[in-house]
Number of protein chains: 2
Amino acid sequence: MGEHETPIATVDVALFTLGEGNLCVMLARRPDNAKVFPGVFALPGGYVHVTEDDDTGACARRVLRDKAGLSAPYLEQLYTFSGKFRDPRAWSLSVAYYAVVPATELTGKSLCLAPVDDLPALPFDHNQIVTAAVRRLRGKAAYSSLPTFLLPEKFTFDELHSVYQQVIGVELNKVSFRRKIENQGIVVPIAGEKQYGAHRPAQLYRVAEDALKEFDQTL
Amino acid sequence: MGEHETPIATVDVALFTLGEGNLCVMLARRPDNAKVFPGVFALPGGYVHVTEDDDTGACARRVLRDKAGLSAPYLEQLYTFSGKFRDPRAWSLSVAYYAVVPATELTGKSLCLAPVDDLPALPFDHNQIVTAAVRRLRGKAAYSSLPTFLLPEKFTFDELHSVYQQVIGVELNKVSFRRKIENQGIVVPIAGEKQYGAHRPAQLYRVAEDALKEFDQTL
DNA sequence: TAAATAGTGTCTATCAGACATTATTCT
DNA sequence: AGAATAATGTCTGATAGACACTATTTA
């Protein structure tokens with residue numbers, strides 16, 4: 001078997017968070033000296049550095065660190081997009097990841113957040129990547145603890161309920177939702193901690209584990 | 001941004017079928033002149049040919065055509081495996097696919113089929129790829145028409161039931177299973193066609209559509 | 001008519017959703 | 001007391017599983 005021309009290998013990351021009640025994806029301005037699409041907003045991404053990255057997951061974490069200063073969000077490989085024409089430079093292959101972080105992790109950073117349901121036109125096949133990532137996120141939200149990664153450390157039950165609804169995009173019965181969440185052991189009450197307001201105070205919760213937990217049944 | 005060394009880009013395919021009641025994966029003998037692991041059984045795979053393949057899916061179909069003579073089985077991208085050490089030659093990146101075909105498509109071809117629950121040690125990280133593919137297949141089987149791709153064109157309800165059980169690995173209530181399948185419209189009876197035996201003859205069915213259909217609920 | 005498998009009718013336990021009720025704070 | 005939100009108790013309709021029963025063939 002002789003040597004072949006190898007494709008370009010890159011990693012792109014769709015970083016999700018909640019902004020003003022909408023599910024948003026982070027966009028980064030491409031450098032002005034980029035060979036293609038200079039100065040255009042796109043998903044953060046970059047070449048795989050074989051001397052620097054242990055694997056594509058490490059590459060994705062490096063991209064997030066460099067472009068958003070994030071250390072350890074929820075990160076999952078999504079899909080690998082490839083083809084002759086997706087990058088004007090050459091036959092290319094992009095391993096797409098998606099990440100989920102609470103909005104509190106992004107405060108102060110000057111980032112561009114775009115609501116996923118009202119996205120501008122993006123270069124390459126990045127609109128397709130976001131669409132696929134949203135589909136995955138929404139799909140998993142219905143039967144996993146994934147939406148909890150959008151919440152800050154402490155939260156009330158109503159916040160949890162609201163985040164699930166926002167992500168999935170449908171109304172969820174409050175009583176059934178509470179039953180389900182309690183059965184699955186997704187969250188645990190923080191003893192003695194309550195959120196006060198002009199009403200009965202709400203119990204504060206935290207996630208039971210840092211890992212993603214999949215439910216055995218639908219919400 | 002300067003030029004970087006690019007990783008090796010390959011595609012590997014886990015081809016599933018049923019052999020003697022077991023879920024099996026196809027293995028191919030690597031050529032004797034291969035640079036690494038010559039003559040060893042492994043998942044069929046190959047380099048991405050940027051001049052020949054439109055994308056990695058086309059590459060996977062080419063691999064299946066060349067190594068198993070298959071034209072259009074169910075094919076789905078699984079995951080991209082990557083890293084410094086997974087290939088002794090260099091930093092490499094393998095886009096893994098899995099395919100599902102009825103055993104009848106493989107008769108006559110001299111192929112090696114290994115039961116997935118009793119797999120030999122494979123080169124590279126191919127055991128890991130098969131494990132991930134089996135998990136995906138079993139996961140999807142429970143709420144989709146995926147197992148129908150293991151069946152021949154015509155089949156009885158009991159065969160359908162049996163294939164689902166074999167793939168998922170648990171017993172499924174026959175009455176509930178029939179109700180569910182009927183509700184989902186996965187299969188349609190073939191008018192006037194029955195399979196005869198020393199008992200009441202069984203209605204023959206075919207799949208309703210060629211595409212994968214996902215259920216709204218679990219079996 | 002016995003054996004074997006195909007296919008259906010129906011009861012029940014479980015559970016999601018709906019609704020009503022109680023709880024606890026602030027104004 | 002009234003407003004506001006938190007949290008729980010209980011009824012009901014839908015449905016998965018269990019079981020029993022009927023159907024149709026060959027031997």
Side-chain angles (χ1 to χ4, degrees), chain A residues 21 141-145 147-148 151-152 154-206 208 214-219, chain B residues 21 141-145 147-148 151-152 154-206 208 214-219:
Chain A
Y143 62 92
S144 78
S145 65
T148 61
L151 287 163
K154 300 173 180 184
F155 49 86
T156 65
F157 207 93
D158 257 42
E159 286 166 341
L160 182 68
H161 181 238
S162 163
V163 165
Y164 265 86
Q165 287 189 147
Q166 281 174 52
V167 175
I168 304 179
V170 297
E171 289 207 352
L172 296 170
N173 181 284
K174 237 176 193 175
V175 180
S176 311
F177 180 75
R178 184 181 282 269
R179 260 194 304 238
K180 175 67 72 176
I181 292 292
E182 279 172 356
N183 287 342
Q184 303 293 343
I186 302 295
V187 299
V188 287
I190 309 174
E193 295 223 33
K194 309 244 174 188
Q195 191 174 79
Y196 292 86
H199 49 77
R200 173 171 173 178
Q203 175 66 53
L204 283 173
Y205 292 84
R206 60 174 177 81
E214 300 207 353
F215 305 165
D216 35 37
Q217 292 181 51
T218 60
L219 282 170
Chain B
Y143 60 94
S144 79
S145 65
T148 62
L151 287 163
K154 300 172 181 183
F155 48 86
T156 66
F157 206 93
D158 258 43
E159 286 166 342
L160 182 67
H161 181 238
S162 163
V163 165
Y164 265 86
Q165 287 189 147
Q166 281 173 52
V167 174
I168 305 179
V170 297
E171 290 207 352
L172 297 170
N173 180 284
K174 238 176 192 169
V175 179
S176 311
F177 180 75
R178 183 181 285 268
R179 260 194 305 237
K180 177 66 72 175
I181 292 293
E182 279 170 357
N183 286 343
Q184 303 292 345
I186 302 295
V187 299
V188 288
I190 310 174
E193 295 221 34
K194 309 245 173 187
Q195 190 175 81
Y196 292 86
H199 50 77
R200 173 172 173 178
Q203 176 67 53
L204 283 173
Y205 292 83
R206 61 175 176 79
E214 301 206 352
F215 304 166
D216 35 38
Q217 291 181 50
T218 59
L219 282 171

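Chain letters run A, B, ... following the sequence lines, proteins first and then strands; every chain starts at 1.
Where B:Thr156 and A:Arg200 meet DNA chain C, the nucleotide closest to each residue was compared, and B:Thr156 sits on the side nearer the 5' end. Residue-to-nucleotide proximity on DNA chain C shows that, of B:Arg179 and B:Gln203, the 5′-proximal contact is made by B:Gln203.
Applying the 4.0 Å criterion to OP1 and OP2 of C:dG7, one finds that B:Lys174 has every side-chain N and O outside that range. Proximity of A:Ser176 to the phosphate of C:dG17: a side-chain N or O atom is located under 4.0 Å from OP1 or OP2.
With C:dG17, D:dG17, D:dT26 as the candidates, the nucleotide lying closest to the side chain of A:Asn173 is C:dG17. Of the candidate nucleotides C:dT25, D:dT26, D:dT5, C:dT25 has the atom lying nearest to any side-chain atom of A:Tyr196. Here the nucleotide nearest the side chain of B:Val175, chosen from C:dA18, D:dT25, D:dA18, is D:dA18. If you check D:dT26, D:dA16, C:dG7 against the side chain of B:Ala202, the one that comes closest is C:dG7.
The shortest side-chain heavy-atom distance between A:Phe215 and A:Ile186 falls under the 4.5 Å cut-off.
Distance A:His199 NE2 to C:dT27 C1': 13 Å, rounded to the nearest Å. When rounded to the nearest whole Å, the span between CD of B:Glu171 and C1' of D:dA18 equals 13 Å. As rounded to whole Å, 17 Å separates atom C1' of D:dA23 from atom CZ of B:Phe157. If you take CD1 of A:Ile181 and P of D:dA7, they are 14 Å apart, rounded to a whole angstrom. For the pair B:Gln195 CD and D:dT26 C1', the interatomic distance rounds to 14 Å; values are reported in whole Å. A:Arg178 places its CZ atom 14 Å from the C1' atom of C:dT22, with the value rounded to the nearest Å. Put simply, CG on B:Asp158 is 16 Å from P on C:dA4, counting in whole angstrom units. In this structure, the CD atom of B:Glu182 is 13 Å from the C1' atom of C:dG9, given to the nearest Å.
Scanning both residues, B:Tyr164 and B:Pro147, for their nearest heavy atoms gives CE2-CG, 3.5 Å. Listed here is the closest heavy atom pair of B:Glu159 and B:Lys154: OE1-O, 4.4 Å. Here the closest heavy-atom approach between residue A:Ala202 and residue A:Thr156 is recorded as CB-CG2, 3.8 Å.
The aromatic rings of B:Phe177 and B:Phe157 lie perpendicular to each other, with more than 60° between the two planes, well past the 30° mark.
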